[in-house]
Student: 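What follows is a single structure, and I will ask about it in a moment.
Just so it is clear, the model here is predicted, and its values are computed rather than measured. One-based numbering along the sequence shown.
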Amino acid sequence: IIDPRRLQIGQDLIIPRPETDAEQPPTPTPTPPPMTIRKLNFQQTPAGSLWATGEIHNPGSNSVSELQVQISLFDGDAQLLASETAYPQLDVVPPGQAVSFAILFDNPPREFAQYQAVVLAGVPASPNTRYYLDLTASDLQGETVGAARYRVSGNLQNVGLSDVEDLRLLVTAYDDQDRVIAVRQADLPVSVLRSAATTPFEVELMLTGSSVVTFSVQAQGLRLE
């Protein structure tokens with residue numbers, strides 16, 4: 001279990017059996033559901049650090065949670081230079097959708113010749129969890145603010161039948177090559193969004209050089225009990 005705080009009531013857990021006989025074959029280790037990493041981008045900051053941003057895409061038919069992604073940097077001889085891991089910006093990746101991530105290398109190598117991007121872990125999200133996805137963003141507006149900022153605003157509506165708490169709204173920006181160039185979560189003015197209610201939001205993304213061509217807005221929460 002990567003992050004025990006994300007355990008949900010009713011979630012299916014796979015617990016390997018202890019080895020009782022050395023001659024018996026080892027218990028197979030469960031593998032993550034098939035996930036892909038796409039729209040990867042590397043951006044150096046003025047402070048000398050390096051951002052690796054991209055998306056985890058779920059090509060399957062079930063929602064996936066407990067995801068963790070790893071980015072590794074290598075030199076021309078395939079020697080490892082640096083490696084970092086992170087969680088995606090939202091807890092659940094629904095089927096056919098993607099959620100962005102951002103990994104910071106505080107002390108990156110001066111240069112690297114190749115890299116590897118892998119999804120280390122993930123489990124099917126139980127249908128009995130409190131994860132709540134019936135949230136829709138509307139009236140979206142995006143505008144450049146200064147030389148290195150991009151502002152996205154709009155309204156978030158709860159289109160489901162339940163009240164929702166622990167709201168998380170994510171804005172992801174893309175450049176002209178459809179790469180992820182900025183990721184940020186919004187500070188929403190409410191802690192609980194009632195069914196059919198709407199709340200405004202505004203997010204300012206910090207840019208490191210590329211211009212925003214398009215952006216996406218996603219939201220998740222927990223069903224209020």
Student: So if you build clusters from Ile, Leu, Val, Met, Phe, Trp, Tyr with side-chain heavy-atom gaps below 4.5 Å, do V93 and L170 land together?
Tutor: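 Per the 4.5 Å side-chain linkage, V93 and L170 are co-clustered.
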Student: Has R168 got a side-chain atom pairing as donor or acceptor with Q89's backbone, closer than 3.5 angstrom?
Tutor: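 Yes; at least one donor-acceptor contact below 3.5 Å.
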Student: To the nearest 0.5 Å, what is the distance between CD on Q68 and OH on Y87?
Tutor: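 Output value for this atom pair is 5.5 Å.
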Student: For the CG atom of L167 and the OG1 atom of T199, what is their distance to the nearest 0.5 Å?
Tutor: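 Answer for the CG-OG1 pair, L167 versus T199, is 8.5 Å.
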Student: Hey, could you give me the CG/CD1 distance between D176 and I181, rounded to the nearest 0.5 Å?
Tutor: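 Going from the CG atom of D176 to the CD1 atom of I181 covers 8.5 Å.
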Student: Looking at every heavy atom in both K39 and Y174, which two are closest together, and how far apart are they?
Tutor: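 It is CD-CE2, 3.8 Å.
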Student: I'd like to check S63 versus P95 (side-chain heavy atoms, cut-off strictly below 4.5 Å). Are they in contact?
Tutor: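 In contact.
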Student: For a quick test of reading the model, state the closest non-hydrogen atom pair linking A86 to I103 and the distance between them.
Tutor: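 In this case the closest contact between A86 and I103 is CB-CG1, 3.5 Å.
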Student: Which value, rounded to the nearest 0.5 Å, describes the distance between E225 atom CD and S162 atom OG?
Tutor: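 One finds 10.0 Å between CD of E225 and OG of S162.
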Student: Taking only residues at least two apart or on different chains, which pairs with a member in residues 148-161 satisfy side-chain hydrogen bond (donor to acceptor under 3.5 Å, both in side chains)?
Tutor: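 Counting only pairs at least two positions apart or across chains, the side-chain hydrogen bond (donor to acceptor under 3.5 Å, both in side chains) contacts touching residues 148-161 are Y132-N158, D139-N155, E143-R151, R149-E204, R151-E204.
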Student: What's the spacing between Q114 CD and S72 OG if we round to 0.5 Å?
Tutor: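 So the CD of Q114 and the OG of S72 are separated by 11.0 Å.
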Student: Taking the side chain as everything from C-beta on, heavy atoms only, tell me whether N58 gets closer than 4.5 Å to Q97.
Tutor: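 N58 vs Q97: side chains apart.
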Student: Would you say L224 and V164 make side-chain contact, with heavy atoms under 4.5 Å?
Tutor: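 Not in contact.
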Student: Is a donor on one side and an acceptor on the other found under 3.5 Å between the side chain of D175 and the backbone of Q177?
Tutor: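 The answer is yes, because a donor-acceptor pair under 3.5 Å joins these two groups.
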Student: Can you tell me how far CD of E55 sits from CZ of R179, rounded to the nearest 0.5 angstrom?
Tutor: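 If I round to the nearest 0.5 Å, the distance is 13.5 Å.
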Student: Would a 4.5 Å heavy-atom cut-off, applied to side chains only, mark Y131 and S65 as touching?
Tutor: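 They are in contact (side-chain heavy atoms under 4.5 Å apart), so the answer is yes.
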Student: Checking N41 side chain against T53 main chain: does a donor-acceptor pair fall under 3.5 Å?
Tutor: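 Not at all, since once roles are kept as given, no pair shorter than 3.5 Å links the two residues.
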Student: Ignoring hydrogens and angles, tell me if any N or O in the side chain of D163 forms a donor-acceptor pair with the backbone of S195 under 3.5 Å.
Tutor: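 Such a contact is found between D163 side chain and S195 backbone.
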Student: State, to 0.1 Å, how close I37 and A117 come at their nearest heavy-atom pair, and which atoms those are.
Tutor: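 Shortest heavy-atom separation between I37 and A117 comes out as CD1-C, 3.6 Å.
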Student: Within a strict 4.5 Å, meaning less than it, do heavy atoms of the H57 and P59 side chains meet?
Tutor: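 With C-beta onward as the side chain, the pair touches.
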Student: Just checking R38: does its CZ atom have more than 12 heavy atoms from other residues, nucleotides or ligands closer to it than 6.0 angstrom?
Tutor: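 Yes, enclosed.
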Student: Kindly give the heavy-atom pair with the smallest separation between L90 and V99, and that separation in Å.
Tutor: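 Nearest heavy atoms, L90 then V99: N-CG1, 3.5 Å.
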Student: What I'd like to find out is whether the side chain of N62 reaches to under 4.5 Å of the side chain of V64, using heavy atoms alone.
Tutor: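 Counting from C-beta outward, N62 and V64 never come under 4.5 Å.
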Student: Picking from L81, L50, D75, what satisfies side chain to side chain contact (heavy atoms under 4.5 Å, CB included) with P109?
Tutor: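 With P109 as partner, L81, L50, D75 yield a single side chain to side chain contact (heavy atoms under 4.5 Å, CB included), made by L81.
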Student: Does a side-chain N-to-carboxylate-O contact under 4.0 Å join E165 and R223?
Tutor: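 Answer for the salt bridge query: no.
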Student: With clusters defined by side-chain heavy atoms of hydrophobic residues (ILVMFWY) lying less than 4.5 Å apart, directly or transitively, does L169 cluster with L135?
Tutor: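 Yes: a chain of side-chain contacts under 4.5 Å links L135 to L169.
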Student: Linking I/L/V/M/F/W/Y whenever any side-chain heavy atoms sit under 4.5 Å apart, do L140 and V212 land together?
Tutor: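 As far as the 4.5 Å side-chain criterion goes, V212 and L140 are connected within one cluster.
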Student: When clusters are formed by joining ILVMFWY residues with side-chain heavy atoms under 4.5 Å apart, either directly or through shared neighbours, do M35 and V69 land in the same one?
Tutor: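 Yes; V69 is reachable from M35 via cluster members.
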Student: For Q44 and T208, work out which heavy atoms get closest and say how close.
Tutor: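 Scanning both residues, the minimum pair turns out to be O-CB, 4.1 Å.
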Student: Looking at F105 versus F42, is the centre-to-centre ring distance below 6.0 Å?
Tutor: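 Centroid distance F105-F42: not below 6.0 Å, so no.
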Student: Answer yes or no: is there a donor N or O on one side and an acceptor on the other, between the side chain of Q218 and the main chain of A98, under 3.5 Å?
Tutor: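 The answer is yes, because a donor-acceptor pair under 3.5 Å joins these two groups.
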Student: Flag the pair S216 / V171 as yes when at least one side-chain heavy-atom distance between them is below 4.5 Å, and no otherwise.
Tutor: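 Not touching, per the 4.5 Å side-chain cut-off.
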Student: Stepwise, does the side chain to side chain contact (heavy atoms under 4.5 Å, CB included) test hold for I71 with L40?
Tutor: CA-CA 10 Å; I71 305 295; L40 190 61; 4.2 Å; yes
Student: With hydrophobic residues grouped by side-chain heavy-atom distances under 4.5 Å, do V180 and I56 end up in a single group?
Tutor: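 Looking at the clustering, I56 is in the same group as V180.
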Student: Looking only at heavy atoms, which two atoms of L67 and G122 are closest? And how far apart?
Tutor: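 Heavy atoms of L67 and G122 come nearest at CD2-CA, 3.9 Å.
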